[in-house]
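The block underneath contains the structure these notes are about, expressed in structure tokens.
Atoms within a ligand are numbered from 1 in the order they appear, just like the ligands themselves.
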Amino acid sequence: MRIKRVDVFKVRLPYRQPFTIALGTSDYSVDVVVRLEDDEGRVGWGEASPAKRIIGESEDTIVAALRALAPAVVGMNPLDVEAIEERMDRVILGNTSAKLALEIASFDLKGKILGVKVRDLLGGYRDRVETDFTIGIKSPEEMAREAERIVEQGFKAIKLKVGVDVEKDVERVKAVRDVVGPAIKIRVDANQGWTVKQALKALNQMDRYDVELAEQPVRWDDLEGMALLTRMSPIPIMADESVHTPEDALKVVKMRAADYINIKLTKAGGLLKARRIAAISEAAGVPNMIGCMMEGGVSITAGVHFAAATRNVVTTDLDSDISLKEDFVEGGAGLKDGYRTLPEGPGLGNLKVKEEKLEHVFTVEREGEVTSF
Ligand code: MG
């Protein structure tokens with residue numbers, strides 16, 4: 001049993017509306033899609049969504065990294081996902097998005113070979129996971145109107161992007177709380193936009209509007225600032241950009257620099273590394289959220305499998321596919337009353353990739369020497 005062929009594609013995914021966070025505005029994503037095929041014709045799919053400002057990878061660097069990674073995994077046993085991960089880490093440092101695309105495809109293929117869901121390969125804990133819906137930065141009135149619509153759709157949690165201007169940020173939270181009432185959870189995410197002083201001011205003022213947690217208030221590399229806020233803020237602090245890898249998670253829990261850690265498969269570079277972050281967090285008494293970049297249905301479905309498999313994951317922010325004008329996948333993770341559900345079938349499930357939407361970039365069919373890069 002061996003991986004016989006790797007195909008790499010790009011797909012352009014426009015959003016329904018421009019999305020603004022403290023780091024900038026975007027209105028589409030070009031994701032990289034990977035298709036693995038084994039010598040019996042079984043297929044696994046993976047996806048990477050570039051987040052240049054957070055991870056430092058673009059669609060072009062992901063494709064370039066995959067040109068080095070794909071020949072290294074051809075010929076490997078598709079059941080040996082951990083060995084595939086090790087091989088990829090030896091070929092090239094970092095490049096977590098590129099590795100994620102190949103690793104998700106490996107898990108999908110392994111699940112299909114064994115006839116079990118990825119959720120069951122990773123642990124198995126629950127069948128559905130709550131997700132919030134994220135509202136990008138706009139005027140307080142616009143954000144309140146959008147929040148109303150979201151609650152009507154059945155979501156029980158809303159994430160508000162903030163981090164631009166403390167006074168306005170507090171107004172944003174107030175406006176949303178006023179329209180959604182007390183039963184809906186409100187989280188905020190400043191995406192590193194505040195200084196420590198601004199964060200303390202904002203969080204102290206927001207506390208009266210019952211904010212559940214505040215994501216990444218200050219710069220990703222300011223762990224001392226994160227630790228100070230974790231001690232001083234009335235609202236619990238979640239590390240997002242500060243934790244990419246298991247090593248980052250270890251540092252954050254040692255320094256007590258967060259009350260929660262947001263795991264994203266793209267930052268971690270795979271489900272196996274995400275599982276190690278969850279293990280470190282759990283041992284330190286720090287719960288996890290599973291978040292996403294602007295991912296389509298393959299990657300989001302992988303995130304739902306991970307969240308459904310993992311006890312330390314207490315909530316999710318797996319909503320990006322809902323914000324796309326049109327996904328390239330049919331039948332991925334479902335959405336009902338604010339919960340994500342898993343599709344039927346082994347691996348990631350019986351999802352259908354609309355191959356006509358994909359732009360083929362390259363194919364590797366021969367086992368290759370690992371070349372310098
Ligand atoms: Mg975040």
Check your understanding: Between Thr134 and Asp319, does a side chain to side chain donor-acceptor pair (under 3.5 Å) hold up when you go through it step by step?
Key -> CA-CA 7 Å; Thr134 304; Asp319 60 351; 3.0 Å; yes

**Study point:** Between Asp60 and Ser58: side-chain donor-acceptor atoms closer than 3.5 Å
**Key:** no

Review point. What atom name does the N, O or S atom of Glu215 nearest to the Mg ion (ligand 1) carry?
Key: OE2

Exercise for review: Identify the heavy atoms of Ala278 and Asn288 that sit nearest to each other, and give their distance.
Suggested key: CA-OD1, 3.3 Å

Practice item. Examine all N, O or S atoms of Asp240, backbone included, and report whether one is under 2.8 Å from the Mg ion (ligand 1). Key: yes

Check your understanding: Any N/O/S atom, backbone or side chain, of Asp317 lying under 2.8 Å from the Mg ion (ligand 1)?
Key -> no

Point to revise | Atom nearest to the Mg ion (ligand 1) - Asp189, N, O or S atoms considered | key: OD2

Check your understanding: Do the numbers put Arg128 on top of the ring of Tyr339, so that NZ or CZ is under 6.0 Å from the six-membered ring centre and no more than 45° off the axis?
Key -> yes

